[in-house]
Amino acid sequence: CPSTKQHFAHEYDCYGDSYFVDTDLDQLKEVFSGMKSPS
Amino acid sequence: MYRKVSRICLASEPNITHFLQVSWEKALGSGFVIMLTDGHSAWTGTVSESEISQEADDIAMEKEKYVDELRKALVSGAGAADMYKFIFSKESGHFSFDKELKDVSFRLGSVTLDKVANTAEVIRELIGYCLDTISENEAKNEHLLKENERLLRDWSDVQGRFEKCVSSKEALETDLYKRFILVLNEKKAKIRSLHKLLSEVQELEKNAECGR
Amino acid sequence: MYRKVSRICLASEPNITHFLQVSWEKALGSGFVIMLTDGHSAWTGTVSESEISQEADDIAMEKEKYVDELRKALVSGAGAADMYKFIFSKESGHFSFDKELKDVSFRLGSVTLDKVANTAEVIRELIGYCLDTISENEAKNEHLLKENERLLRDWSDVQGRFEKCVSSKEALETDLYKRFILVLNEKKAKIRSLHKLLSEVQELEKNAECGR
C-alpha cells in the first residue's frame with residue numbers, strides 16, 4: 001500500500017540498502033547480489 | 001631408407017636364433033631387401049614390387065592387405081613367433097614364410113637368398129646399425145626427459161601463479177567489501193545525524209508555531 | 001649387470017670396425033669382462049678387481065680416478081677414437097689400450113683375451129642384446145612421449161584456468177566497484193535531499209522569526 005511504499009522509500013534505497021542502519025559484509029553481499037549486472 | 005631387424009626362428013633350427021633384416025626405400029610395397037643371418041653366415045635377397053603384386057594376386061589378396069601381412073610377418077617382430085613360420089634351406093637358399101592360423105597355415109611369400117661372401121662385413125654393418133639406433137634412441141630419450149622436466153617446471157610455475165591468483169582474488173573481494181562497508185557506514189552516520197537534526201528543527205518549528 | 005658395446009678401431013686394422021663389449025656387475029672397478037669381435041671371430045677376457053688395483057698402483061693413479069679412465073676408454077664410446085689407442089694381437093690374444101695426450105701416450109691397461117670357440121653364439125647374443133636394448137629404449141621413448149603429451153595438456157589446462165582467474169579477478173573488481181558506486185550514490189542523493197530539506201526548514205524558520 002502507499003504508506004508501506006512510502007515507509008520503505010524512506011528507510012531503504014532502491015537497491016534495498018538501509019539509509020540509516022550500518023551495513024556489514026553479509027548484508028552488503030546480499031544487496032549486491034540482488035542488483036542487476038551494472039554493465 | 002627404412003630398416004628393421006628382428007629375431008626369428010627357423011622351422012629347421014628352432015633352437016638357434018636367426019636375425020632377419022628387412023630394408024626398403026619409401027614403402028614396403030615398393031620392394032624390399034631381406035638379409036638373414038645366424039651370426040656366422042648371412043644370406044641376402046630382393047623382393048621387387050612386381051613380385052609383391054604377383055604374390056598378392058596368386059593368393060587372391062588385395063595388394064594393400066598383402067603388404068600389411070608382409071609387414072606383420074617380417075617387420076613387426078613381436079608376435080611373429082606365434083603366428084608365422086619361417087622356413088629356410090641353406091643349400092638352395094630358399095626362404096619362405098607361412099602364416100599360421102588355428103589349424104591351417106598358408107604360404108605368405110618366398111624368396112631365394114644368396115649367400116653373402118663377406119659375412120663379417122654384413123654382421124659388422126648390422127651391429128653398427130644397432131649401436132647407432134641405440135645412440136639415437138638414447139639421445140631422443142634424453143631430449144624427451146629434459147622436455148618433460150621443463151614442462152613439469154612450467155606446469156608447477158603456472159599452478160603456483162594460478163593458486164596465487166585465486167588467493168589474491170579472494171583477498172581482493174574481502175578488502176573491497178571492507179572498504180565499501182566503511183565508506184557506506186560513514187555516509188549512513190551522516191544521514192542519521194542529518195535526519196536527527198531535521199527532526200529537531202522540525203520539532204522546534206512546530207513548538208514555535210504552537211506558541212504563536 | 002651392466003653392459004656397454006662400443007665401436008673401436010684397432011691400430012693394426014684401422015679400416016675394420018671392431019666391437020668392444022664390456023660387462024660388469026655392480027661397479028666397473030670390481031672387475032669386468034671384455035669381449036672383442038670383428039663380426040667373424042670373437043675373443044673374451046676378464047679383468048679382476050685386484051688387477052685393476054694393481055694397474056692403478058703401477059701407473060701411480062688413485063684407483064677411483066683409474067676406474068674413471070677405464071670407463072672413458074672402454075665404455076663411453078664417443079671420443080674414444082680420438083683419445084685412446086687400441087692394440088690387439090690375434091696371435092697372442094694380447095689386448096691393450098693407451099691414452100693419447102698431445103705428444104705422448106701411456107699404457108692405460110691390458111688383458112689377454114682368449115678366442116671364443118662358438119663365435120656365432122656370441123655374435124647372436126650380442127645382436128640379441130642390441131635388439132632388446134633398442135626395444136627397451138623405444139618403449140621408454142613411447143612412455144616419455146605420452147608423459148610429454150600429458151604434461152603439455154596439464155600445463156595447457158592450468159594456463160587456461162590461470163588466464164580465466166586473471167580475467168575474472170579483473171571483472172570482479174570492476175563489477176564490485178560499479179555496484180558500490182550505485183549504492184554509494186544513493187546515499188549521497190539522500191544526504192543532498194536531507195541538506196536541502198534542512199535548508200528549507202531553516203529558511204522557513206528564519207522567515208517566520210522575521211515576520212514575528
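By convention in this document, chain letters (A, B, ...) are assigned in the order of the sequence lines, proteins followed by strands, and residues within each chain are numbered from 1. Here the structure is a predicted model, which means the values were calculated and not measured.
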Engineer: Heavy-atom count check: over 12 atoms from other residues, nucleotides or ligands less than 6.0 Å from C:E147 CD?
Structural biologist: yes
Engineer: Given 3.5 Å as the limit, does a donor-acceptor pair link the side chain of B:R161 with the main chain of C:F162, or not?
Structural biologist: no
Engineer: Measure the CG-CD distance between C:N137 and B:E136 for me, rounded to the nearest 0.5 Å.
Structural biologist: 11.0 Å
Engineer: Identify the two heavy atoms, one from B:R124 and one from C:T17, that lie closest to each other, and give their separation to 0.1 Å.
Structural biologist: CD-O, 2.9 Å
Engineer: What residue, out of B:V183, B:L194, B:I123, has the most heavy-atom pairs lying under 4.5 Å from chain C?
Structural biologist: B:L194
Engineer: Going by the ring pair (Phe, Tyr, Trp, His ring centres under 6.0 Å) test, which pairs reach into residues 120-148 of chain B, not counting sequence neighbours?
Structural biologist: none
Engineer: State the CG-CH2 distance between B:L151 and C:W155, to the nearest 0.5 angstrom.
Structural biologist: 9.0 Å
Engineer: So what's closer than 4.5 Å to chain B heavy atoms on C:K164: side chain, backbone, both or neither?
Structural biologist: neither
Engineer: From C:E186 CD over to B:L184 CG, what is the distance, rounded to the nearest 0.5 angstrom?
Structural biologist: 11.0 Å
Engineer: CD of B:E142 to CG of C:N141: how many Å apart, nearest 0.5 Å?
Structural biologist: 12.0 Å
Engineer: Name the region of C:S168, side chain, backbone, both or neither, that has any atom closer than 4.5 Å to a heavy atom of chain B.
Structural biologist: both
Engineer: Quick check: closest heavy atoms across C:V166 and B:C165, and the distance to 0.1 Å?
Structural biologist: N-SG, 3.6 Å
Engineer: Walk me through whether C:E205 and B:L204 qualify under side chain to side chain contact (heavy atoms under 4.5 Å, CB included).
Structural biologist: CA-CA 9 Å; C:E205 168 66 16; B:L204 272 171; 5.9 Å; no
Engineer: Heavy-atom distance under 4.5 Å to chain B: side chain of C:L126, backbone, both or neither?
Structural biologist: side chain
Engineer: Given that the side chain runs from C-beta out, which part of C:I191 has a heavy atom under 4.5 Å from chain B: side chain, backbone, both or neither?
Structural biologist: both
Engineer: As an exercise: rank B:D157, B:T119, B:L176, B:T133 by heavy-atom pairs under 4.5 Å with chain C and give me the winner.
Structural biologist: B:L176
Engineer: Can you measure from NZ (B:K146) to CG (C:L144) and round to the nearest 0.5 angstrom?
Structural biologist: 12.5 Å
Engineer: Within this structure, what is the CD-CD1 distance for the pair C:Q21 and B:I127, rounded to the nearest 0.5 Å?
Structural biologist: 9.5 Å
Engineer: Do you know which of C:K187, C:R150, C:H40 has the most heavy-atom pairs under 4.5 Å to chain B?
Structural biologist: C:K187
Engineer: C:S6 versus B:L131: any side-chain heavy-atom pair under 4.5 Å?
Structural biologist: no
Engineer: Between C:Y177 and B:F180, what is the ring plane arrangement, given parallel below 30°, perpendicular above 60°, and tilted in between?
Structural biologist: perpendicular
